[in-house]
Amino acid sequence: MEARLNLFASPLTNKLVKHFVAAGTVTAQAGVSPAVLELVKIRASQINGCGYCLDMHTKDAAAVGETQQRLHLVAAWREATVFTEAERAALELAEQGTRIADAAGGVPDEVWENAAKHYDDDQLIALVSTIAVINAFNRLNVIFQVQAGDYRPGAHA
């Protein structure tokens, strides 16, 4: 597979991405741990098949202290014993928010209520915003076939 366009050479992409990154900076200030935000980005990227984002966010998660075991088990979080109840709630919200078109009515109330048990309003806004932004990044990268493997942790911070 070859990239359809060199997004990193495009002034338009640089302007657009700057705003996406700025949104991520704001959400990081809401009190959700950086590791949880990375786990959410990884799970959405797995669902969307975004290799570039998986490369980026697994490396960034490791850089903030995530273990290889936990990173390997994100796709099977329901069966894995290594995630807390709060992390499970965030991962379920990420799945439902990413697969929003699969369920009439969007994210089920029980998923929202479970997340609300573990996160305050600002943290919920941060989680939902993180899910929205990573889904946008996933779609850009998948559609343009951006190549994975060369990301350096913190390169887009």
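Computed from a predicted model, the values in this text were never measured in an experiment. The residues of the chain are indexed from 1 along the displayed sequence.
No single ILVMFWY cluster, assembled from side-chain heavy atoms under 4.5 Å apart, contains both L140 and I100. Note on M56: it clusters hydrophobically with V21, by side-chain heavy-atom contacts below 4.5 Å among ILVMFWY residues. I47 and V128 fall into different hydrophobic clusters, defined by Ile, Leu, Val, Met, Phe, Trp and Tyr side-chain heavy atoms under 4.5 Å apart, directly or through other members. Follow the hydrophobic side-chain contacts under 4.5 Å out from V32 and you never reach V26; the two are in separate clusters. A continuous path of hydrophobic side-chain contacts links I131 to V36 [ILVMFWY only; heavy atoms under 4.5 Å].
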Just do the side chain to side chain contact (heavy atoms under 4.5 Å, CB included) check on H57 and I134 with the steps written out, would you? CA-CA 10 Å; H57 296 295; I134 193 60; 3.6 Å; yes
Between K59 and E38, does a salt bridge (charged side-chain N to carboxylate O under 4.0 Å, His left out) hold up when you go through it step by step? CA-CA 9 Å; K59 289 174 180 174; E38 292 300 333; over 6 Å; no
Where do E95 and W77 land on the side-chain hydrogen bond (donor to acceptor under 3.5 Å, both in side chains) test, with the steps shown first? CA-CA 11 Å; E95 282 189 7; W77 65 268; 2.6 Å; yes
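A donor-acceptor pair under 3.5 Å links the side-chain atoms of R152 to the main chain of D150, judged by distance alone. Side chain of E92 to backbone of V111: no donor-acceptor contact under 3.5 angstrom is found.
Proximity of V64 to D60: side-chain heavy atoms (C-beta onward) are nowhere separated by under 4.5 Å. Under the 4.5 Å side-chain criterion, counting only non-hydrogen atoms from C-beta, Q147 is not in contact with Y52. Between N138 and T98, every side-chain heavy-atom pair lies at or beyond the 4.5 Å cut-off. In this structure, the side chains of Q96 and P108 come closer than 4.5 Å at one or more pairs of heavy atoms. The shortest side-chain heavy-atom distance between I42 and E66 does not fall under the 4.5 Å cut-off. Taking 4.5 Å as the limit, every side-chain heavy atom of Y151 sits out of range of all side-chain heavy atoms of L54.
Distance check: L16 CG to S10 OG gives 9.0 Å after rounding to the nearest 0.5 Å. Summarising the geometry, atom CG belonging to L93 is positioned 13.0 Å from atom CZ belonging to R43; distances are rounded to the nearest 0.5 Å. Note that CD of Q69 is 10.0 Å distant from CG of L71, once rounded to the nearest 0.5 Å. Residue L37 holds its CG atom at 4.5 Å from OG1 of T130, rounded to the nearest 0.5 Å. Rounding to the nearest 0.5 angstrom, the gap separating the CG atom in N114 from the NZ atom in K117 is 4.5 Å.
Sorted by first then second residue, the salt bridge (charged side-chain N to carboxylate O under 4.0 Å, His left out) pairs that include residues 79-90, not counting sequence neighbours, are R70-E87, E85-R88. Listed by first and then second residue, the ring-ring contact (aromatic ring centres under 6.0 Å, His included) pairs that reach into residues 113-141 are F20-F137, sequence neighbours excluded.
Nearest heavy-atom pair, A90 versus L127, reported as atom, atom and distance to 0.1 Å: CB-CD2, 4.2 Å. Considering every non-hydrogen atom in both A44 and N135, the closest pair reads CB-ND2, 4.1 Å. The two residues D122 and D120 come nearest to each other via the heavy atoms N-OD1, 3.1 Å.
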